[in-house]
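For this chain, numbers begin at 1 and follow the sequence in order. Indexing begins at 1, ligand by ligand and atom by atom, following the structure's order.
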Amino acid sequence: MDGDSTTTLPVWPAPEGGRLSAQMLEDYQRTGVLVLEDFVAPAACDALRRRAAELVDGFDPGSAQSVFSTTEQTQHDDRYFIESGDKIRYFFERDAWNDNGELQAPTIDCLNKIGHAMHDLDPEFDAFSRTPELRELVNGLGIRDPGIIQSMYIFKPPRIGGEVVCHQDSTYLYTEPESCIGFWFALEDATLQNGCMYFIPGVHHEPLRERNRRNAEGTRTQNETLDPAPLPEHLKVPAPVPKGSLVVFSGRTPHLSGPNLSERSRHAYTVHVIDRSCHYPADNWLQRGPDLPLRGFDHRVNRP
Ligand code: FE2
């Protein structure tokens with residue numbers, strides 16, 4: 001960590017054409033986080049929400065009752081999750097069902113997320129994920145040969161939206177050398193009440209704490225400790241942001257979010273970018289089949 005302790009996160013208006021200023025880049029390098037307001041037009045946020053709702057309408061909730069939880073060590077077979085790296089799959093909140101095994105609310109308000117390849121498999125998600133502005137931004141952050149490794153549509157539904165415990169994304173999207181950067185789009189206002197993100201600025205200069213690996217059978221994943229120092233969670237800073245904001249954060253920047261105890265959802269969309277020139281281990285949980293090679297910001301042209 002550099003000498004200055006930081007108690008606020010850098011917030012900037014979206015840069016023209018996605019071209020980061022020297023001051024924005026310095027802020028990102030210092031804190032590991034950058035909030036860019038109005039990066040996406042409200043209409044584009046609404047369109048992506050409508051598309052997600054259409055996908056959910058086409059999903060049979062009885063077909064997969066997979067729960068995504070960061071607070072429980074699940075011991076069951078996790079193949080539905082582990083095999084979702086090149087698919088569009090649906091994950092429920094832990095509290096989605098009542099005692100009779102029925103969903104407590106409309107499906108869209110019971111889901112934790114959709115993941116993890118909408119950006120390659122759905123034209124509308126593809127277009128949202130591959131704008132010239134985002135391409136330029138990624139370029140400005142120094143990723144020479146970008147590949148969009150993962151997308152997630154996060155619902156954080158009213159009342160049952162679960163907390164996400166403090167973690168670093170490079171734990172899960174590990175490359176050698178590390179190259180992961182997260183791009184978190186607020187599709188609705190994210191507030192202290194509906195479970196906004198929190199970040200620990202400056203800690204991206206510290207070592208990665210854990211690495212997640214899948215087992216040889218591809219049925220389970222497990223974290224291994226790389227550095228036992230606890231993440232300094234008491235230094236977390238909330239990031240309430242208005243709809244249309246983009247939060248950029250390093251794969252080493254610790255972050256978390258609280259539960260949504262409010263009556264309003266907190267939809268967000270994330271993509272994670274890695275550098276394709278870096279080594280991507282075969283025991284990372286997220287793997288892609290040969291039919292869906294890792295793509296950068298080229299439009300609908302698969303590159304080997
Ligand atoms: Fe994360």
Check whether the side chains of Trp12 and Asp27 place a donor and an acceptor atom closer than 3.5 Å, and report yes or no. yes
Less than 3.5 Å apart, any donor N or O on the side chain of Glu93 or Asn112 sitting next to an acceptor on the other? yes
Is there a donor-acceptor pair closer than 3.5 Å between any side-chain N or O of Asn215 and the backbone N or O of Thr219? yes
For the Fe ion (ligand 1), state how many protein N, O or S atoms fall inside a distance shorter than 2.8 Å. 3
[Y] ring center within less than 6.0 Å of [X] ring center:
{"X": "Phe128", "Y": "His119", "answer": "no"}
{"X": "Phe155", "Y": "Tyr153", "answer": "yes"}
{"X": "Phe125", "Y": "Tyr269", "answer": "yes"}

